[in-house]
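Okay, so here's the structure we're looking at.
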Amino acid sequence: MPEKQEYNPGEIEPKWQKHWEEDGLYNAEIDKSKPKFYALTMLPYPSGDLHIGHWYAMTPSDARARYMRMRGFNVMFPMGFDAFGLPAENAAIKNNIHPKEWTYANIVRMREQLRSMGSMYDWRREAVSSDPKYYHWSQWYFNKLFENDLAYRKMSPVDWCPNCNTTLAREQVWGEDRHCERCGTPVIKKDLEQWFFRTTSYAEELLDFSTIDWPDRVVTLQTNWIGRSDGAEVHFTADSDGLSDDEARITVFTTRPDTLWGATFMVLAPEHPLVEKITTTEQSELVHEYVHQAVRQTDIQRESAEKEKSGVFTGGYAINPVNGERIPIWIADYVLMTYGTGAIMAVPAHDERDFEFALKFGLPILPVIDRSDGLTKSFAPIGTTKPGFAQALNELGISSEEDERGLLITIPVDKLDAYLETISAYLQKDAWNEVVGTGWYFIFSDGIIEWDSQESEQRILVRCKKLEPQVAGAHTLMEMLWGEEFYRDALYHHEYGTMIHSGEFSGTTGDVAVQQVNEWLEELGVGKAAINYRLRDWLISRQRYWGTPIPIVYCPEHGAVRVPDDQLPVLLPDDVEWLPTGESPLKLHPTWKHTTCPICDEPAERETDTMDTFMCSSWYHLRYLSPDYDQGLFDPAEYDYWMPVDIYTGGIEHATMHLIYTRFFHKAGRDMGIMQGPEPMSQLRNQGIILGEDSEKMSKSRGNVIAPDELVARYGADTVRAYLMFFARWDLGGPWNSSGIEGTVRWIRRIWNLFSEVGQNGNPSAETTRAMRRKVHQTLRQVTHDFETFEFNTIISALMELLNEMQKAHENGAAGSEAWDEAVDIYLRMMAPVAPHVAEEIWMNLGKPYSIHSQSWPEVDEAAAAEEQITLVVQVNGKVRDRISVPVDIGEEEAKELALSSPAIAKYMADNEPRKVILVPGKLVNIVV
RNA sequence: GCCGAAGUGGCGGAACUGGCAGACGCGCACGACUCAAACUCGUGUUCCUUCGGGAGUGUGGGUUCGACUCCCACCUUCGGCACCA
């Protein structure tokens with residue numbers, strides 16, 4: 001009889017890790033006799049220390065991969081390092097250590113940490129993105145994109161981080177203050193010649209998630225990020241001398257072509273190329289000053305939270321193609337050169353920004369969409385109406401309110417005609433009255449003028465100014481009306497509705513307006529339906545050393561020439577120096593950039609920028625397939641067998657960066673004939689973030705960092721793994737709780753103790769056996785389900801529950817029986833993915849065949865799992881009043897009868913007869929009295 | 001402002017398609033073991049209660065025999081976007 005050992009993870013864990021590795025237990029090879037399963041976890045950056053967040057990401061996904069393996073899949077579960085990047089360079093400057101040295105030392109250390117988790121990584125497939133054999137193929141792929149016009153260089157204003165001394169992609173600029181995603185410094189704008197990937201060519205396809213199972217959260221984030229807007233392009237014509245037809249064409253993008261008739265002015269972005277040409281001599285000084293200031297302001301960053309509208313009139317005019325109106329062209333910084341066409345038609349009546357702008361600068365505002373809520377108002381100041389007006393309104397059923405200035409009238413839509421008639425009759429001779437909201441009328445003593453055009457506005461305005469000196473300063477009717485507080489809610493709206501004041505389109509209802517106008521625009525040749533995306537092309541140039549060199553040579557004769565494939569990789573030089581300025585050492589290197597043109601062999605210069613590291617991480621899942629392959633990105637045989645990735649797990653923070661880039665990379669590769677299939681990753685799941693015990697983000701400066709190495713030293717990896725799976729919902733994460741881990745410590749120790757009890761040839765009662773087997777198979781059913789759906793926390797709680805049950809059975813003499821052995825066997829298999837070392841150790845101690853991790857997942861015995869007796873809840877009026885135990889297959893009538901005859905029920909029924917009895921089979925009986 | 005997610009005991013969290021709210025664990029209390037402590041084991045632990053019960057899943061309403069779950073309105077917290085035409 002072997003002596004009972006203490007549970008000692010410090011001893012058994014390294015032992016098994018070594019054993020598994022030597023046996024190549026987790027090596028993944030192509031095996032066409034089995035279904036494949038490619039499980040992938042986002043790779044870490046080699047910062048030098050694996051923190052608890054890494055463990056939270058990696059151990060549950062490891063458990064899931066192990067589960068799939070036991071389910072009979074040929075599982076590949078690789079790991080690697082995203083090794084290029086800024087922290088290595090920062091360390092270089094700070095500690096005077098070469099980034100390469102720093103990075104590779106960190107990788108050595110982190111491999112050890114990763115091994116201590118006991119994960120089933122196939123290390124033979126490891127890929128490190130800073131190895132020349134890796135970045136060779138990043139460069140090769142760059143060339144492919146360049147050949148296919150998916151990589152291009154252009155001069156443009158780009159976001160620049162003054163702290164990191166490099167440009168950033170739009171996705172890497174975060175928050176309201178537009179700060180650098182890495183260091184938090186607010187970015188500035190710089191005009192630079194930079195390399196871009198044409199991600200926008202794939203905008204539409206990237207919106208299609210129909211072939212993949214990704215979380216709604218990510219789908220929503222990406223959809224918003226790509227930001228599709230449906231609308232129309234409309235060509236306006238600049239009305240200036242000396243412009244060719246082509247030059248005079250100003251195209252705008254609008255989501256509201258149904259409001260075209262309300263376009264009362266145009267606004268160009270200050271950087272718009274046409275600004276120079278249309279500005280008149282009189283306005284030129286103001287315009288130049290504004291442009292200059294606007295450009296500088298973006299440089300300083302648009303800091304002011306309350307952005308007051310600003311702008312300048314260019315002196316130029318444009319013709320609105322739908323009605324021939326001649327409208328002024330302004331410039332303003334609220335129009336962005338980077339979205340749409342950099343020019344807008346302003347419809348102040350139905351766009352809030354345009355409304356604010358028009359009011360501020362006295363530009364005309366013409367409502368062209370009817371209100372759908374029917375709100376209609378009129379204000380009759382004292383002295384403008386004859387006595388009896390209020391009473392006359394009252395008799396009509398029009399409510400009005402009187403204040404010290406006059407009558408505030410809200411007119412029901414169907415009483416509008418009656419109102420116009422009445423006010424006409426009661427209006428004083430030298431007064432006027434107006435109706436706003438639904439219907440726009442000005443009533444004078446000699447007749448009614450409908451405000452339905454800019455022309456009628458002028459007529460009305462002239463008359464009002466004549467009658468009332470107080471409004472003589474108003475530039476527009478809207479400005480005049482806006483002065484009246486009572487009107488404000490009726491003056492502006494941006495809803496869809498019936499078109500008004502829109503020529504032959506007046507009366508077109510909101511549900512068809514956009515489409516009908518679009519068709520008409522196209523017929524006329526002045527516009528067409530169009531789609532715009534918020535997504536921008538991906539800026540990949542970085543002014544840094546520690547990255548993949550962009551394989552381009554600039555020749556005075558031939559321009560940007562790609563380095564031929566057979567001359568790749570363009571190697572990073574090792575002998576570099578860091579200046580405290582933080583400037584890229586690649587640029588300062590004495591010889592590296594001097595080379596010859598691949599075409600003419602004349603002297604030429606290398607591109608000294610490197611690629612965004614997101615380029616490396618866009619395809620690492622392909623490099624794992626064959627990390628040493630030297631004929632391409634990957635060995636096609638490996639690709640054909642393993643791809644696509646079946647499950648991809650990682651943090652939500654990559655939703656709009658990495659996860660868009662990698663989809664773009666794949667789709668572009670597919671179109672270039674390199675890859676196949678619509679998507680690189682079929683299923684995606686995100687884990688949450690672990691916070692410090694103070695509920696704050698973990699950081700060294702806060703001192704709330706939980707170090708996994710210490711936990712492993714103290715409790716063992718199995719316990720830490722189990723706790724990480726148990727302590728929170730995986731997709732939510734949450735604050736760490738140090739004392740909670742005691743629960744999993746006890747759990748594993750209890751398993752250890754209970755399962756190493758030597759069997760006493762127990763002879764449990766049939767009932768004990770039956771109950772235990774039922775619980776075993778019910779638990780198996782749940783654990784299987786929860787592994788499938790990534791509900792790791794309930795896997796552990798179900799196993800704890802079963803252990804409690806088995807403990808009781810053990811006390812009742814179950815040990816040593818056949819059922820007990822079955823229970824232990826199934827238990828160990830179920831816990832093996834969670835706690836691989838201790839499961840293997842107990843498995844071995846029980847004399848079972850090596851390894852538990854090569855065993856199959858057990859099958860649920862449905863007969864054993866079935867209940868015979870169930871507890872039927874008896875409710876009276878929905879309140880639980882009794883519980884009765886009945887056979888599971890009890891008949892409906894019998895169950896109801898039993899419930900009604902329950903003595904506990906009687907007193908709640910009083911003397912009432914049951915009005916209704918509801919039976920939910922297997923669950924409850926509800927008696928309604 | 002727009003888009004999205006989440007609100008359940010002292011805490012983390014359970015509850016499949018509407019059917020016993022609080023599984024499992026932490027913490028706490030009491031007890032056993034111990035000279036004692038730790039470990040371990042056992043019992044209890046949503047709140048109120050006149051011990052009959054009553055209330056209770058962010059708030060207010062609704063649908064239903066029955067609502068954490070469905071519908072409407074609102075509040076709070078978190079995440080994303082933001083002068084995007």
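All chains are named by letter (A, B, ...) in the order of the sequence lines, taking the proteins before the strands, and each is independently numbered beginning at 1.
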Check: Is B/rG60 in the syn range, within 90° of 0, or in the anti range?
Finding: anti

Check: What form does the base of B/rG12 take, syn (within 90° of 0) or anti?
Finding: anti

Dump every N/O contact between nucleotides 5-12 of chain B and the protein below 3.5 Å, one line per pair.
from   : atom 1 : to       : atom 2 : distance (Å)
B/rG12 : O2'    : A/Phe727 : O      : 2.1

Mind checking [X] for me? I need base, sugar-phosphate or nothing, with any heavy atom below 4.0 Å counting as a touch.
X        : value
A/Trp747 : nothing
A/Val267 : nothing
A/Asn804 : sugar-phosphate
A/Arg781 : nothing
A/Lys309 : base
A/Arg228 : nothing
A/Arg749 : sugar-phosphate

Notebook entry, point to check: Strictly by modelled atom types, are A/Trp225 and A/Glu171 linked by a side-chain donor-acceptor pair under 3.5 Å?
Noted result: yes

Next item on the list: Could you tell me whether the side chains of A/Gln172 and A/Arg182 share a donor-acceptor contact shorter than 3.5 Å?
Entry: no

Notebook entry, point to check: For the side chain of A/Asp159 and the backbone of A/Lys189, is there at least one donor-acceptor N/O pair under 3.5 Å apart?
Noted result: no

Check: Donor-acceptor pair, A/Thr314 side chain versus A/Ile329 backbone, under 3.5 Å?
Finding: yes

Next item on the list: Tell me whether the centres of the aromatic rings in A/Phe265 and A/Phe313 are closer together than 6.0 Å.
Entry: no

Next item on the list: Using the six-membered ring wherever Trp is involved, compare the ring planes of A/Trp174 and A/His179 and label them parallel, tilted or perpendicular (cut-offs 30° and 60°).
Entry: perpendicular

Next item on the list: Using the side chain to side chain contact (heavy atoms under 4.5 Å, CB included) rule, pick out the option among A/Val928, A/Ile927, A/Leu924 that qualifies with A/Ile918.
Entry: A/Val928

Check: In dot-bracket form, how is RNA chain B paired, counting a Watson-Crick or G-U wobble pair only if both its distances are under 3.5 Å and using | for bases paired to another strand?
Finding: (((((((..(((......[....)))((((((.......))))))(((....)))..(((((..]....))))))))))))....

Checklist line | Contact letters for nucleotides 60-71 of chain B, in which S counts primed atoms plus P, OP1 and OP2 and B counts the base, heavy atoms under 4.0 Å | finding: -----B------

Check: Of A/Ala343 and A/Val920, whose nearest nucleotide on RNA chain B comes first from the 5' end?
Finding: A/Val920

